[in-house]
Colleague: 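One structure coming up, written as structure tokens, with questions to follow.
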Amino acid sequence: MQNIKGKVALITGGSKGIGFGIAESLMQVGVNVAITSRSKTSADLAAEKLNNKYSEAKAIGVKSDVRHLEDQQESVKQIVKEFGQLDFLIANAGLGQFESIIDLTENQWNEVIDTNLTGVFYSIKAAVDELIKTEGYFISISSLAGTNFFAKGSAYNASKFGVTGFTQAVMLDLREHGVSVATIMPGSVTSHFNEHTPDASDAWKIQPEDLGKLVVDMFQMNKRSLPSKVEIRPARPDKK
């Protein structure tokens with residue numbers, strides 16, 4: 001098992017939900033984290049919450065919009081300036097627009113693709129040189145919607161099918177440089193996705209800390225093995 005204490009992780013969209021859950025799990029084992037949000041206030045408040053709870057590692061908040069390469073490049077610069085290195089990138093930022101193709105607008109399409117797919121490209125493009133230096137790890141958060149299509153999901157399905165294929169191709173590009181690359185494809189997760197407010201009715205779903213534990217386990221795994229594509233779903237369906 002690899003010791004990852006003292007390593008440094010960048011988590012896009014880390015101020016709440018899945019990203020925040022991953023940040024918590026990493027800080028529990030001593031990994032320093034930088035969490036990004038389009039809102040500097042949200043990023044800083046989330047980092048403060050983490051720092052108040054965990055003392056073995058440090059969290060910082062970074063304002064960044066994954067739809068802009070320059071933002072992601074600046075995020076990486078800030079992290080390297082603060083911590084001296086970057087070991088892990090978790091491309092988590094995402095959103096959804098769910099409409100029939102009859103009603104789906106050009107703006108909705110572009111927002112989903114620019115955030116969920118192009119944002120992942122910009123994230124790894126900005127971080128790749130630093131990850132090669134540390135022989136680090138890149139994980140994208142895709143979805144079971146990246147292999148299973150559904151009505152009103154044309155934009156979201158396209159983005160997540162794209163993320164899954166993109167990440168697997170990047171895995172082949174980067175493994176010869178010592179960088180591990182994987183995509184995680186969750187099913188139903190308790191999160192703030194699509195303006196949802198988590199409550200007790202979400203108890204049957206995957207919890208953010210479950211995905212956090214999965215990420216920790218992947219980072220701690222011996223580098224000779226790579227779980228390059230991981231599907232994870234609730235163990236039991238919702239009983240309505």
Side-chain angles (χ1 to χ4, degrees), residues 1-14 18-19 21-36 50 54 56-60 62 64 66 69-93 117-142 162-186 211-232:
M1 185 175 73
Q2 291 208 112
N3 179 15
I4 60 174
K5 185 175 182 179
K7 300 287 189 181
V8 180
L10 164 59
I11 306 168
T12 67
I18 291 172
I22 292 172
E24 282 202 289
S25 295
L26 289 171
M27 288 191 73
Q28 287 171 10
V29 294
V31 175
N32 300 302
V33 301
I35 52 179
T36 74
L50 290 166
Y54 304 104
E56 296 300 312
K58 181 179 179 181
I60 62 170
V62 179
S64 181
V66 297
L69 178 59
E70 296 80 6
D71 278 18
Q72 290 303 91
Q73 292 171 327
E74 183 58 32
S75 296
V76 171
K77 288 179 183 177
Q78 288 184 45
I79 292 159
V80 173
K81 182 178 179 180
E82 176 71 30
F83 296 111
Q85 65 194 65
L86 177 62
D87 302 282
F88 308 134
L89 167 64
I90 301 96
N92 165 73
L117 181 54
T118 305
V120 175
F121 166 67
Y122 286 159
S123 297
I124 183 59
K125 192 67 176 175
V128 66
D129 290 343
E130 295 300 328
L131 293 177
I132 289 173
K133 289 178 186 177
T134 58
E135 295 193 347
Y137 215 124
F138 165 45
I139 291 177
S140 67
I141 304 299
S142 184
V163 167
T164 301
F166 171 80
T167 308
Q168 293 302 289
V170 171
M171 178 267 293
L172 298 177
D173 290 340
L174 294 185
R175 62 179 177 175
E176 64 185 75
H177 297 280
V179 179
S180 301
V181 178
T183 189
I184 297 176
M185 306 172 69
L211 293 176
K213 178 63 164 58
L214 173 60
V215 169
V216 169
D217 288 346
M218 291 170 70
F219 288 163
Q220 290 179 332
M221 182 178 291
N222 192 295
K223 288 278 282 186
R224 65 173 172 259
S225 299
L226 176 64
S228 58
K229 184 167 66 173
V230 180
E231 293 188 1
I232 179 170

Colleague: How many angstroms lie between CD1 in I4 and CG in D87, if you round to the nearest 0.5 Å?
Modeller: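 It comes to 9.5 Å.
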Colleague: Give me the atom names and distance for the closest heavy-atom approach of K7 to F88.
Modeller: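 For K7 and F88, the tightest heavy-atom pair comes out as CB-CE1, 3.6 Å.
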Colleague: Return the CG to CD1 distance between L10 and I79, rounded to the nearest 0.5 Å.
Modeller: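 Going from CG on L10 over to CD1 on I79, the span is 4.0 Å.
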Colleague: What are the two closest heavy atoms between M218 and P227, and how far apart are they?
Modeller: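 M218 and P227 have their closest heavy atoms at CE-O, 3.7 Å.
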Colleague: Between Q72 and K125, is any pair of side-chain heavy atoms under 4.5 Å apart?
Modeller: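 Of all side-chain heavy-atom pairs linking K125 with Q72, none is under 4.5 Å.
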Colleague: Do I22 and I139 come close enough that some side-chain heavy atom pair is under 4.5 Å?
Modeller: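 Result no, sub-4.5 Å side-chain heavy-atom pair not found.
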Colleague: Give the minimum heavy-atom separation between L50 and E24, together with the two atoms involved.
Modeller: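 It is CD2-CG, 3.5 Å.
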Colleague: Is there a side-chain contact between F219 and V29 in this structure, where contact means two heavy atoms from C-beta onward sitting under 4.5 Å apart?
Modeller: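 Result no, sub-4.5 Å side-chain heavy-atom pair not found.
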Colleague: How far does CZ of R224 sit from OG of S180, to the nearest 0.5 angstrom?
Modeller: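 Reported value, rounded in 0.5 Å steps: 12.5 Å.
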Colleague: Side-chain contact test, heavy atoms from C-beta onward, threshold under 4.5 Å: evaluate it for I184 versus I90 and give yes or no.
Modeller: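 No, every pair of side-chain atoms sits at 4.5 Å or beyond.
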Colleague: Side chains of T164 and T183: donor-acceptor distance under 3.5 Å anywhere?
Modeller: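 The answer is no; no qualifying pair exists.
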Colleague: Just do the side-chain contact (heavy atoms from CB on, under 4.5 Å) check on Q28 and V216 with the steps written out, would you?
Modeller: CA-CA 10 Å; Q28 287 171 10; V216 169; over 6 Å; no
Colleague: Search all heavy atoms of A57 against all heavy atoms of M27 and return the closest pair with its distance.
Modeller: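 The pair with the smallest heavy-atom distance is O-CE, 3.4 Å.
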Colleague: Taking the side chain as C-beta and beyond, is there a heavy-atom pair between D129 and V76 under 4.5 Å?
Modeller: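 Not in contact.
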Colleague: Is the side chain of N92 donor-acceptor paired with the backbone N or O of I141 at a distance under 3.5 Å, no angle test?
Modeller: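 No, because the side chain of N92 does not come within donor-acceptor range (under 3.5 Å) of the backbone of I141.
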Colleague: Would the distance check show the side chain of Q168 and the main-chain N or O of S228 forming a donor-acceptor pair, the cut-off being under 3.5 Å?
Modeller: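 Yes: the side chain of Q168 pairs with the backbone of S228.
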Colleague: So, taking the atom named NZ in K77 and the one named OG in S75, what distance separates them when rounded to the nearest 0.5 Å?
Modeller: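 Between atom NZ of K77 and atom OG of S75 there are 11.0 Å.
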Colleague: Is the number of heavy atoms from other residues, nucleotides or ligands within 6.0 Å of NZ (K223) greater than 12?
Modeller: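 Yes, enclosed.
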Colleague: Hey, are K213 and D217 close enough for a salt bridge, meaning a charged N less than 4.0 Å from a carboxylate O?
Modeller: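 Here K213 pairs with D217 in a salt bridge, since their nearest N and O are under 4.0 Å apart.
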Colleague: To the nearest 0.5 Å, what is the distance between CD1 on I132 and CZ on F138?
Modeller: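 Here the rounded value is 12.5 Å.
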Colleague: Can you see whether S64 engages E74 through a side-chain donor-acceptor pair at a distance of less than 3.5 angstrom?
Modeller: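 There is no such pair between these side chains.
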Colleague: Do T36 and T12 have side-chain atoms, one donor and one acceptor, less than 3.5 Å apart?
Modeller: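 Note: T36 and T12 side chains miss the donor-acceptor criterion.
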Colleague: With side-chain contact (heavy atoms from CB on, under 4.5 Å) as the criterion, how do Y137 and L226 come out once you've worked through the C-alpha distance, each side chain's angles and the decisive distance to 0.1 Å?
Modeller: CA-CA 10 Å; Y137 215 124; L226 176 64; 3.5 Å; yes
Colleague: Identify the two heavy atoms, one from S123 and one from A91, that lie closest to each other, and give their separation to 0.1 Å.
Modeller: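 Heavy atoms only, the tightest pair is CB-CB, 4.5 Å.
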Colleague: For V66, does its backbone N or O pair with a side-chain atom of D71 as donor and acceptor, under 3.5 Å?
Modeller: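 No.
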Colleague: Does the side chain of Y54 reach to within under 4.5 Å of the side chain of L26, using non-hydrogen atoms?
Modeller: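 The answer is no, as the side chains (C-beta and beyond) never meet within the 4.5 Å cut-off.
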Colleague: Is the shortest heavy-atom distance from the side chain of L174 to the side chain of I124 under 4.5 Å?
Modeller: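 Yes, their side chains come closer than 4.5 Å.
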Colleague: Under the criterion side-chain contact (heavy atoms from CB on, under 4.5 Å), I'd like the reasoning laid out for Y122 against L69: C-alpha separation, chi angles, the key distance, then a yes or no.
Modeller: CA-CA 5 Å; Y122 286 159; L69 178 59; 3.7 Å; yes
Colleague: Within the 4.5 Å heavy-atom criterion, are T167 and S142 side-chain neighbours or not?
Modeller: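 The answer is no, as the side chains (C-beta and beyond) never meet within the 4.5 Å cut-off.
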Colleague: What distance separates L86 CG from N32 CG, expressed to the nearest 0.5 Å?
Modeller: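 Between atom CG of L86 and atom CG of N32 there are 11.5 Å.
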